[in-house]
Every structure is written in C-alpha cells, then in structure tokens.
Amino acid sequence: MPEYKTKHSLYTHRSYKPGGRFWQRRLWPLARWAIFNSPFGHMPVKRFLLRFFGASVGNGLVMGTHVNIKYPWNLVIGKDVWIGERTWFDSLSKIRLGDNVCISQGAYLLNGNHNYASESFDLIVKDITLEEGVWIGAGCIVCPGITAHSHAVLSVGSVATSNLDAYSVYQGNPARKIRSRTIQPSVQSLP
C-alpha cells in the first residue's frame with residue numbers, strides 16, 4: 001500500500017493569479033451569467049463586453065448562446081472567428097484564437113489541470129493556441145498546453161492531448177492524425 005495519498009485539504013491555489021483587475025474579477029461573473037451563459041445577448045453587446053473586460057477581439061466575431069468564459073482578459077481572438085453554443089473556455093491562462101478559427105458547439109478549451117502525483121493535487125496551468133483556420137469540432141476537448149497549427153482540424157468528439165500539425169485532420173481519444181487537409185478555392189475567389 002502506498003505511503004502517501006491525495007489530500008484535498010492540502011490543496012491551495014494561492015500561487016495562481018488569474019490576472020485582470022479587481023473590478024473585472026468581481027463584475028465578470030454577472031456579465032457572464034446575464035449575457036454569455038444565457039440565451040440572450042446580441043453580438044455587438046458580447047463584443048463590447050469582451051473588450052471591456054480585457055479580451056482582445058478582432059472584427060467579425062460570431063458567438064452562439066450559453067458560452068462560458070472563465071476569464072475574458074486571458075482571451076485573444078482574431079478576425080472572423082466563429083464560436084458555437086455551449087462552448088467552454090477555461091481561460092486560467094492565455095487562449096489565443098487566430099483569424100478564421102471555428103470552434104463548434106460544446107467544445108471545451110481547458111487551460112487547467114491538476115498534478116495527480118502530488119499529495120496536494122497542485123494546479124497546473126498552460127496556454128492554448130489555435131492558429132489561423134483551425135477547426136475544433138463539436139464536443140471536442142483541447143487540453144492544456146496544446147497548439148493547433150494553421151488549418152488543423154480536430155474532428156467531432158476528439159481529445160487533443162498533443163499538438164496538431166498544420167493542414168492535418170485529427171480524430172479520436174487521444175486524437176491521432178488520420179489525413180491531410182486540402183482546401184479548395186471557393187467560387188467567390190476564382191478569377
């Protein structure tokens with residue numbers, strides 16, 4: 001029998017600093033509940049509030065309902081980003097979304113985890129980066145510290161536990177590369 005066991009009573013998050021200003025940390029839960037994690041809220045209001053609470057938001061953001069964002073001041077969102085309903089941003093540290101990123105409904109972007117080998121179950125926090133053109137499918141999980149390189153795809157219900165290569169399609173738990181992504185020109189971009 002092992003000598004040590006997990007003791008949640010020893011857990012402390014005192015070393016973790018969520019960032020943001022005092023007023024942001026106090027008022028954000030109300031804005032999150034009233035506008036983002038509800039069926040209400042128009043896009044201009046959502047964009048304004050994200051910027052007001054410290055997020056960097058490019059033009060053309062489209063966001064569904066019931067989106068849960070822990071700390072908006074840790075979000076960097078590029079241009080023409082689509083975020084589906086019931087998406088969860090566990091933004092304990094930076095989440096960077098490049099231009100034309102698509103995050104489908106019910107996806108989880110998780111910055112935080114715990115050290116299961118530590119008696120006190122210490123918090124581990126790592127940034128997430130989704131580069132230009134990345135598509136995170138419905139119900140996917142992106143784990144802490146992941147970079148999805150340009151135009152990578154994480155298909156429905158998959159779990160990214162390691163970085164995703166550019167122009168590649170991943171599937172499964174843990175996600176494995178299943179094919180390359182080739183993008184065809186649209187009718188609008190043809191001469």
Do Ile141 and Leu109 come close enough that some side-chain heavy atom pair is under 4.5 Å?
no
Any link between Val134 and Val169 through a network of hydrophobic side chains (Ile, Leu, Val, Met, Phe, Trp, Tyr) touching at under 4.5 Å?
no
From CZ (Arg96) to CD1 (Ile128), nearest 0.5 Å
10.5 Å
Parallel, tilted or perpendicular: rings of His114 and Phe121 (30°, 60°):
parallel
Quick check for you: to the nearest 0.5 Å, what is the distance between Ile77 atom CD1 and Arg51 atom CZ?
9.0 Å
If I take atom CD1 from residue Ile146 and atom CG from residue Leu154, how far apart are they, to the nearest 0.5 angstrom?
9.5 Å
Using side-chain heavy atoms (C-beta onward) and a distance below 4.5 Å, is Glu132 in contact with Val101?
no
Main-chain N/O of Asn113 paired to Lys126 side chain as donor or acceptor, under 3.5 Å
no
Between Cys140 and Gly157, the two heavy atoms sitting closest are SG-N, 3.7 Å
For Lys177, does the NZ atom sit with more than 12 other heavy atoms under 6.0 Å from it, leaving out its own atoms?
yes
Please round to the nearest 0.5 Å and tell me the distance separating atom CZ of Arg176 and atom OG of Ser168.
14.0 Å
Flag for Ser93-Asn111: side-chain donor and acceptor within less than 3.5 Å
yes
So do Phe53 and Ile69 actually touch side chain to side chain, heavy atoms under 4.5 Å?
no
Determine the minimum heavy-atom distance between Ser104 and Gly137, stating which atoms define it.
CB-C, 3.6 Å
Tell me whether Trp73 is reachable from Leu27 by hopping between hydrophobic residues (I, L, V, M, F, W, Y) whose side-chain heavy atoms are closer than 4.5 Å.
yes
Taking the side chain as C-beta and beyond, is there a heavy-atom pair between Asp127 and Ile95 under 4.5 Å?
no
Any non-hydrogen side-chain atom of Phe48 less than 4.5 Å from a side-chain atom of Val45?
no
Are any of the side-chain heavy atoms of Ser180 and Tyr167 separated by less than 4.5 Å?
no
Expected output: side-chain Arg181 to main-chain His151 donor-acceptor under 3.5 Å:
yes
Side chain to side chain contact (heavy atoms under 4.5 Å, CB included) filter on Leu30, not counting sequence neighbours, yields Trp33
Check: Ser118 main-chain N/O paired with Ser120 side-chain donor or acceptor under 3.5 Å:
no
Can you label the angle between the Trp28 ring and the Phe36 ring as parallel, tilted or perpendicular, going by 30° and 60°?
tilted
Check: Met63 and Met43 side chains under 4.5 Å, non-hydrogen atoms:
yes
What's the spacing between Cys143 SG and Leu110 CG if we round to 0.5 Å?
6.5 Å
For the pair Arg25 (side chain) and Gly19 (backbone), establish whether a donor and an acceptor sit closer than 3.5 Å, ignoring hydrogens and angles.
yes
Check for a donor-acceptor pair, side chain of Arg47 on one end and backbone N or O of Leu61 on the other, with a separation under 3.5 Å.
yes
Donor-acceptor check, side chain of Asn163 to backbone of Thr147, threshold 3.5 angstrom: yes or no?
yes
Donor-acceptor pairs under 3.5 angstrom involving side-chain atoms of residues 78-90: please list them, not counting sequence neighbours.
residue : atom : partner : partner atom : Å
Thr87   : OG1  : Gly84   : O            : 2.6
Asp90   : OD1  : Lys70   : NZ           : 2.7
Asp90   : OD2  : Gly112  : N            : 3.4

Is there a donor-acceptor contact under 3.5 Å from the side chain of Tyr16 to the main chain of Leu92?
yes
Tell me whether Val142 is reachable from Trp135 by hopping between hydrophobic residues (I, L, V, M, F, W, Y) whose side-chain heavy atoms are closer than 4.5 Å.
no
Do Val153 and Val159 share a hydrophobic cluster, counting only Ile, Leu, Val, Met, Phe, Trp and Tyr and linking them when any side-chain heavy atoms are less than 4.5 Å apart?
no
At what distance, to the nearest 0.5 angstrom, does OG of Ser155 lie from OH of Tyr170?
11.5 Å
For the residue pair Asn68 and His66, establish whether any side-chain heavy-atom pair is separated by less than 4.5 Å.
no
Between Phe52 and Trp23, does the ring centre distance come in under 6.0 Å?
yes
